[in-house]
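Okay, so here's the structure we're looking at.
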Amino acid sequence: MLQVQRLCKEINGRPILSDINFVIEDGGSLAIVGESGSGKSTLAQLIMALKQPTSGQVLFNERSLPRKGIKSYKEWYSDIQIVFQNTASTLNPAMSLYRCLEEPLINFTNLKRRERRDKILEYLNKVGLHRDLLKHRPGKLSGGQYQRACLAKALIISPKLLICDEIVASLDIVLQQQMIELLMSIQKERGLSLLFITHDLSLVPGLCADILVMKDGKKVEQFNTSALHNEEERDIYTITLLKSTESLETTWKQYATHDNKSTG
Amino acid sequence: MMNIIRVNKLSAAALLFIAMLLFMGLTASWLSPYDPFFTNLEQKLLPPSFSHPFGTDYLGRDLLSRVIHGIGDSVFPVFVVLSIVMLIGLFVGTLSAFWGNKLDMLLMSVTDIFTALPSVLLTIVVVGFLGFGMENVYFAVILSWWAKYVRLIRGLIHDVKKEPYIMASRVSGSFGMRTMIRHMIPNIAPQIGTILILDVSKVILTLSGLSFLGIGAQPPSPEWGVMLLDGKNYLQVAPWMGFFPGLMIFLTACSFQIVGERLRKGK
Amino acid sequence: MDVVEIKNLSIRSAEGQLLVHDSSFSLESGKTHCLLGESGSGKTLTSKAILGMLPADLHMSGDILFRGQNLNLLSKKSWRQIRGKHIGTIFQHPEQALHPSIPIGRQFSDLMCSHLPISRYEAEKQAEKMLSRVLLKDTAQVMKSYSHELSGGMNQRVMIAMALLPKPEVVIADEPTSALDVTTQAEIISLLRHLIWDLKMSMLFITHDLLLSSYLADTIGVMRSGEIIEQGSTERILGRPEHEYTKQLCRYRSQRILSKGGNSPNAPSSTAL
Amino acid sequence: MLRSIINRLLMLVLMFVLFSLFVFTLMRLAPGDPASMMLLEIGGGPEQSLVANLQEQWGLDQSFIQQYLVWVFQIFQGELGNSFMSGEPVVNEIMNRLEPTFRLISGSFLITVVFSIPIGIWLGLNEGSIPDRVVYSVTILGLSVPLYWLAILLMYTFGVLWPILPVVGSSSGLHYVLPITAISLVQSVYFIRMIRSYTIQYSKFFYIEAARARGLRPYIFYPSYLLRSMYIPVLTLVATSLPGFFGASIITETIYSFPGFSKYMLEAIYRRDFPVIQGSVLLVAAFIFVFNFVADILYYLADPRIHLDKQRWEI
């Protein structure tokens, strides 16, 4: 269970995050929605202990954020893993895909070579990638394959919480949809708690139970996904996010409605 | 397509030349037709002929044999010098890339001194005070090149440190030295290798240049720079004495340059 | 009458790989044609071909007719005169499209003085008028500032003003809003639509977002890995798609409709994993 | 802004002090102590009493640091001591030999810059064309031509085969032709390659593509859009190449027996004339450091966004 309490972060005087609080139950899923510059990626890095917060704390199953000592970091990372934004360089370009996937197993488990091989093949299959991609360098993978490989690398040590930081931002619609469905099936199958960070509100329905909207480093509001559409309760900023694509969607629905009837 | 094949042929020829050169250098004593130091005044200043393809010098020594023996003095030391420079650069560069600002500032001003000054000047000061002899020359060349490699490696490490896969490797449980060896070195090695090969060509020119100025190798060494210096004094009478050593320096430097260019473009 | 007509355009890389594959389409005057496709489908290359700005190592075949004139046969000089004056361009990354160390006012007057015999003072006056049309407040201040002093949205408004100021017949907009926030995106799109309609220009709109194409386009050409797989009016393409890929795009996009009365939320559809 | 200039000034002083310390240590390490060397030079036997008072006169018996401070203090007053050989003050000997070397370096520097910058830019703009490919492969060969070999070949062709140019001394203007040609040829090969790669790199920048898409006139586009943004790298290249020219002048002056400062400094080594070596090396080093300092100030004026504490190697 992840607890974030009064988390603040300042970088050379400028407040990036101010007083962020939320909790993710075991098996729960929270979407953090905010435009660029709202501090959501910094939040992800703070939770992953890649940066130290100015104040406030992060607890996972009562253990606090690691500060010093490799052992405490390793314990933290064996429970929480992250899939970074798809900048096509989160995998070491000089290593084969096999050794990329093997790295977390070497560091976190003491499985033998054989067991590691089976584990890698199992997760490769789970994310829908073909075996003979293993000998290639990450540079040779397509956008969709690259993100699935990162997902496999994060899940291979079976963490309890998975953070996804804009993982589908640069994929095309078809691949985005397949990636979201893959995440949903894995989450249901393993009761994984999920922290999904995105700027695109339309990705969230169906994937996450709760939504937290952020703006300029502050928490605007947090609510259940089903309450997304009743505008009386919603903050005006959330409504502008909702409405921003409305005029486009109305014209779309003129055309698309016949489409759904005919092809179902 | 044509362009790529042509360049390939060129770099293949360059590689062949380098291989041949190294082979000749290693087997110089068996290979060279005459003894490079054997003086025979009757055969003084003979033009290139069948018996002496490169002709003979003012002491009657066969120039071809001297050139072949010269490989050992002009080319092999370059590899030694550059590997020392590389090690210093790797060690100090990594240190300064990871260290805090203070040491970094001091180190950068020191390296700024040695990169700003031409290696000829540094050699003049070192040889001038410590006297002639190849160890001093090598020391001077190392002195002026180590700074370039410290800055190169420090720069490369700084660039690599910013890459997302370094942050991702932390999350996968690699820290400190392990990240350095598994993630940073393999990614900067190709660039360093390319620059190293290009610098072999530069250092050959520098070393022979110093010997040509008389502050490097001393006669009767068959070093190409020394032979070129003798060639200059006999330019009117025996131009071939200066031509062939110079040609060898050019061809060697040129083949390393071509291979280096090919690596950089093909990367 | 077609303002721009592309006939059997093919673009081949130095190694002979086919990047754009025998595509033909036309742009009627006053209308908006949309090139719809994912990144890497060759749509940006097609727009660069029209401007004659393909990188040196690519070969281009096929004809590009601008008002009946084949641009391939033009000299470099006359093709340059068309760029900016008759064909305006709006790019994807606004903050990178302006010169970082030249004030914006100067870049406006450089543009105008390159095409029209007017003084720099007159050019800057017209520029300020156009800046107010793109709903920028204190235009005088914007004229004096540099591009890194403005936000993404403001930079894009400047780019639109700069593209439309010489009153070109055709505007090429290459993913103008995909680098902007959702909120500013809506404003920029409606501003663009209004200005294009108001100035009676034709636009070649390049995007990967089906929603934008439905809102802006009169005709759509769907591109996939360098090939135009389907082409026609917006109703035909989005309403009754024939190609399997277009159907898939429309189906997925419908699932992600946020506003009420949208389709069923993300029920896992039948597509194979 | 002022803070950064002072910062750079401190760096300059630090660099000079460190270098002088380096030279001084080398001097102390020199085999045989200077006092007995001096006596040997002028033929006197090295009796201990004479050596002792000479050491005392030069303060050689004090601690290393004291000697260094005395020595540096002397240097700053321009008191470089007397040459072992001629007994003349080193400063005068250097001064009256500077003139030909200065003309040689500035001549070849100007010719290289004037020729190679336009050619490099033109090649960069016409990347992939036949002349570009031809010149590019020629530069690959050009980079590996040793300057001293080229100088000898020039001397042979224009001095022996077809003797139309003087190859010794520096009396007339004609004497400068061959050395300057040799240096300029070798340096411009390097300049052309660098300027060409900068032009290619900068013309691919997004704002340059966007400017071309706006169809700006050439006389507006090239000077104020493309070249203006290339100002910094070109300035860096020019500033950092000056030491190279100096190194080249030593070689050409020796080959063409040009009575310049560089040749004089080189010959000081054969005669082991310590004060001359030390004086000239410090003078050259000081000149190069100050030149780099001025170049850094020019960077700042060129583009205010570059703050000076970002050292030159990070640009």
Side-chain angles (χ1 to χ4, degrees), chain C residues 14 44 47-48 50-59 76-103 106-116 120 146-149 155 158-159 162-163 165-166 168 171-172 174 179, chain D residues 120-136 196-236 298-307 310 315:
Chain C
T44 308
S47 69
K48 278 196 172 167
I50 298 172
L51 290 165
M53 280 175 54
L54 280 176
D57 53 358
L58 298 184
H59 324 283
K76 260 191 174 215
K77 188 167 174 310
S78 30
W79 203 338
R80 176 186 59 72
Q81 273 153 358
I82 288 178
R83 283 199 292 266
K85 178 133 185 35
H86 300 293
I87 306 179
T89 325
I90 303 169
F91 288 94
Q92 177 175 3
H93 300 286
E95 62 286 348
Q96 294 171 6
L98 291 166
H99 197 290
S101 38
I102 300 179
R106 201 32 232 299
Q107 301 193 42
F108 265 106
S109 53
D110 284 346
L111 168 69
M112 296 309 282
C113 298
S114 298
H115 292 296
L116 303 170
R120 281 194 179 260
Y146 292 90
S147 79
H148 57 267
E149 290 159 347
N155 262 312
V158 168
M159 285 309 299
M162 203 173 267
L165 188 55
V171 170
I172 299 181
D174 186 354
Chain D
I121 290 172
W122 187 82
L123 289 179
L125 293 174
N126 303 307
E127 189 198 358
S129 62
I130 303 300
D132 172 51
R133 266 213 292 270
V134 165
V135 172
Y136 186 74
R196 173 181 176 276
S197 71
Y198 288 143
T199 318
I200 292 172
Q201 178 198 349
Y202 273 71
S203 50
K204 289 202 168 54
F205 276 0
F206 205 80
Y207 56 84
I208 296 289
E209 292 256 323
R212 274 176 61 214
R214 292 199 289 270
L216 299 179
R217 279 190 193 288
Y219 75 85
I220 291 180
F221 173 74
Y222 289 114
S224 58
Y225 279 74
L226 181 60
L227 302 186
R228 184 189 156 76
S229 52
M230 272 172 58
Y231 180 85
I232 304 277
V234 171
L235 193 66
T236 323
L298 285 181
Y299 292 142
Y300 189 78
L301 298 183
D303 191 341
R305 279 179 309 158
I306 294 197
H307 18 73
K310 202 152 95 78
I315 283 169

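In this text the structure is predicted, and so the values were computed from the model without any measurement. Sequence lines set the chain letters: A, B, ... in the order given, protein chains first and strands last, and positions in each chain run from 1. Values reported hereafter were calculated over all heavy atoms of this structure, with side chains retained and with hydrogens, waters and symmetry mates removed.
Across every non-hydrogen atom of D/S229 and C/H99, the tightest pair is CB-NE2, 3.9 Å. Taking all atoms of both residues into account, the shortest heavy-atom contact from C/A97 to D/A210 is O-CB, 3.3 Å.
For the pair D/S224/C/R106, a side-chain contact is recorded, criterion being any heavy-atom separation below 4.5 Å from C-beta on. Looking only at side-chain heavy atoms (C-beta outward), C/D110 and D/R214 stay at 4.5 Å or farther from each other. Between D/R217 and C/R80, some side-chain heavy-atom pair lies under the 4.5 Å cut-off. Here the side chains of D/Y225 and C/Q107 are in contact, with some heavy-atom distance below 4.5 Å.
Interface residue D/I220: only side-chain heavy atoms are found under 4.5 Å from chain C. With a 4.5 angstrom heavy-atom cutoff, C/K77 does not touch chain D via any of its atoms.
Between chain D and the options C/H115, C/K85, C/Q81, the largest number of non-hydrogen pairs under 4.5 Å is found for C/H115. The greatest number of non-hydrogen atom pairs below 4.5 Å with chain C, out of D/N126, D/I208, D/L216, is found for D/L216. Interface summary for chain D: among C/I102, C/L51, C/T89, the most heavy-atom pairs under 4.5 angstrom belong to C/I102. Between chain C and the residues D/G215, D/P218, D/S129, the largest count of heavy-atom pairs under 4.5 Å involves D/G215.
To the nearest 0.5 Å, the span separating CZ on C/R83 from CZ on D/R212 amounts to 6.0 Å.
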